[in-house]
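Presented below is the structure to which this report refers.
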Number of protein chains: 2
Amino acid sequence: MGTLEEERRSVTIDDVARHVGVAKGTVSRVLNNYKDISPATRERILHAVKELGYQPSSTARSLKRGRQDTIGLVMPVGRGRGADPFLSEFIDGIARALDGLNLDLLITTAPSTADLVAVHERLIARRKVDGFILTRTEVDDARIRFLTERGFPFVAHGRTGQPEAFSWLDVDNEAVFVEGVRHLHGLGHRRIAMLAGPQDLNFARQRVEGYRGGLAQSGIPVEVEVELEIVTDLTEEGGAEGARRLLALPLPPTAVLCTTDAQAIGAMRLIRDAGLVVGQDITVIGYDGLPVGAYLDPPLTTFSQAAREAGGRIAAMLVDQIGNPLARPVQDLTDALLIRRGSDGPPARTPQEIAGLLGK
Amino acid sequence: MGTLEEERRSVTIDDVARHVGVAKGTVSRVLNNYKDISPATRERILHAVKELGYQPSSTARSLKRGRQDTIGLVMPVGRGRGADPFLSEFIDGIARALDGLNLDLLITTAPSTADLVAVHERLIARRKVDGFILTRTEVDDARIRFLTERGFPFVAHGRTGQPEAFSWLDVDNEAVFVEGVRHLHGLGHRRIAMLAGPQDLNFARQRVEGYRGGLAQSGIPVEVEVELEIVTDLTEEGGAEGARRLLALPLPPTAVLCTTDAQAIGAMRLIRDAGLVVGQDITVIGYDGLPVGAYLDPPLTTFSQAAREAGGRIAAMLVDQIGNPLARPVQDLTDALLIRRGSDGPPARTPQEIAGLLGK
DNA sequence: TTGACGTCCGAAACCGTTTTTGTAACTCTG
DNA sequence: CAGAGTTACAAAAACGGTTTCGGACGTCAA
């Protein structure tokens, strides 16, 4: 029942060649659809391949071809402690898209944000990937500077501060938050707050800018903004902390726009604990479309972007770029949809009344 | 400013050798810490390596060595629609652990559960990975049968129905749910329900078994179980649906143990919508320790396993196994901690009273 | 002085592919 | 029917490392 010598050597192209009685180059040409092979030998070779269960070694192929058929994604880490629900759906979308193309996805973490570039550099130097997908772009993004300068293929989810010449897919964050403010204004809100995120993240900054633009368009004085715009972490804790500070104001807002659902969830919790009714006394709107939001009380109104689709689309863009490195960058702006659930509504009370309720 | 000829050829071991004036074998030996190199040449070579920025091609190295320094994880897909929050933390833990070992993580999705084995097979045949990490083991798991028979290294998160000889790390699901029932019994509950998951998933089955065991130990008649044990999807919808069926019973339970937090969240929502107070009228306990649970109303009491740590531990186990394939399997049972938040408490009403409240 | 032994390193084989080059045997063409 | 052009494949050269083998040289004991 199997000696110790049970060498599990896998079948190589030489085995196939010998089995058929041709040169291995011939086998290779058949497998790569060269035209200068007689139908007869092609048939014999294909048959042997099937019979022996031969699969080419991607390692050897990569060495010769100089391509790895693998794309890389370096997970940003530390930011917002814990798993990013957007990211996991996004990755799922990428992996699915790649599946049909016979490509694989290599995932790595960087020990810290500072090492981000170094990790990409290592992956390139070691020749492990053909291209990168970047997430969570920063206003001034070192990875993007490095990769463009290096001429290495990549596609980013998100833009940077300067409209550089690289391929990206992004949500029109600014437009979305303009719409958010106008929606609230239409409901009758006049004191509208914003829970912003770290301003080195580009999407966080864009969302704030949309907020400001929306205020301007709605004719709400700028003084409001400086008071009601609060930067916190993109986590539940951050959201709770931000809400706490908003409620502590002499005149609290009647509506809060949040940069992420996580923030919104934390804010809702704190507002409820303060004895106020979310969706009536204070409206809360999130962003991410997390499924869990539908099960909160009240269900969270949120902007939803199609994370999985974005992943798939970006993967396709990257594959194109790898295949055709000289093509001009492709840039794509998508929308996010406002999913109205239960956490928004016309203001039931004035800021003064709310302040009163809070015992001020 | 750079001709078209700007060939971005990367520096190879030959470049280094030529630069120093030695044979490339010598360079290789220096880089791999062979001892038969004079300190002088070693120094010169190391210096040149730094100067030229040489990094060995992992492809070429893999070809010769027969190792890829990469481990694979095939994402189960379709199950429980949407991203699995456990999985993303788990993956994060793996990636971090691998980082220090100079290994990488290759992630793939299988188009369907049926193709799961085929995907693993392809990855092996193409020689893309040195080992696998398996998640969500099934009671009868085809992947595990395939890999053990093939003698290919892997470590599973979770066991199977039969105690086979492979390495795994698992939570003692049964013990955890026994404890869950006893906790509830201790609070005074007598009609304790269970929202179970698909029974081909091993952890789902184990948790049900723990539930049953707990009932038995608490002296609760088995008749209760057959009525109060409901199989649903591991999603919020599943949980809501399960809760709906439980409330429709002539005698509803006063406590519900859920297989996952997602279920628990759905169940909480439905119970509240039915006009009952979670944590008083009906206790709900989840499993997964999702951070979002802390921000629900009431905050969800849940069992928490350390997903990130599990990922790291499993990665380490796999690395050991790859390095030493003949070692005996390692098996590790961990605990999950009950995090009491606000969704559990002594029953405020009898099942009869609850039925009355529901208008029966 | 000679042979045995260590030390340090060059040369070459090898890993499993792809791709280039070469050529024998045919098919045309005039 | 000779020379040119195809066709269909064999042979060999990469790709960029690692590892084996062996040789030159220096040291040391006899």
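In what follows, chains are A, B, ... by sequence order, proteins preceding strands, each numbered from 1.
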- request: Go through the steps to decide whether A:Thr70 and B:Lys128 satisfy the test side-chain hydrogen bond (donor to acceptor under 3.5 Å, both in side chains), and finish with yes or no.
  value: CA-CA 10 Å; A:Thr70 301; B:Lys128 295 215 86 160; 3.2 Å; yes

Nearest-Å distance for atom pair [atom1]/[atom2], residues [X] and [N]:
X	N	atom1	atom2	answer
B:Arg44	C:dC8	CZ	P	14 Å
A:Lys35	C:dT19	NZ	C1'	11 Å
B:Ile45	C:dC9	CD1	P	8 Å

query: If you look at every strand shown and take non-hydrogen atoms under 4.0 Å, does B:Ser62 touch a base, only sugar-phosphate, or nothing?
result: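 No contact.
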
Any side-chain donor near an acceptor of the partner, A:Thr59 and B:Gln68, under 3.5 Å: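 Yes - a donor-acceptor pair under 3.5 Å links their side chains.
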
message: Would you say that A:Tyr54 contacts A:Leu31 through its side chain, given a criterion of any heavy-atom pair below 4.5 Å between the two side chains?
response: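 A side-chain contact exists here, since the closest heavy-atom pair is under 4.5 Å.
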
task: Could you go through the side-chain hydrogen bond (donor to acceptor under 3.5 Å, both in side chains) check for A:Glu138 and A:Thr160 one step at a time?
output: CA-CA 6 Å; A:Glu138 301 185 6; A:Thr160 63; over 6 Å; no

task: Determine, for nucleotides 15-21 of chain D in 5'-to-3' order, which nucleotides have protein heavy atoms under 4.0 Å from the base (write B), from only the sugar-phosphate (write S), or from neither (write -).
output: BBBBBB-

Interatomic spacing from CZ in B:Phe146 to CG in B:Leu116 - rounded to 0.5 Å: 11.5 Å

query: Is the B:His120 ring parallel, tilted or perpendicular to the B:Phe132 ring (thresholds 30°, 60°)?
result: perpendicular

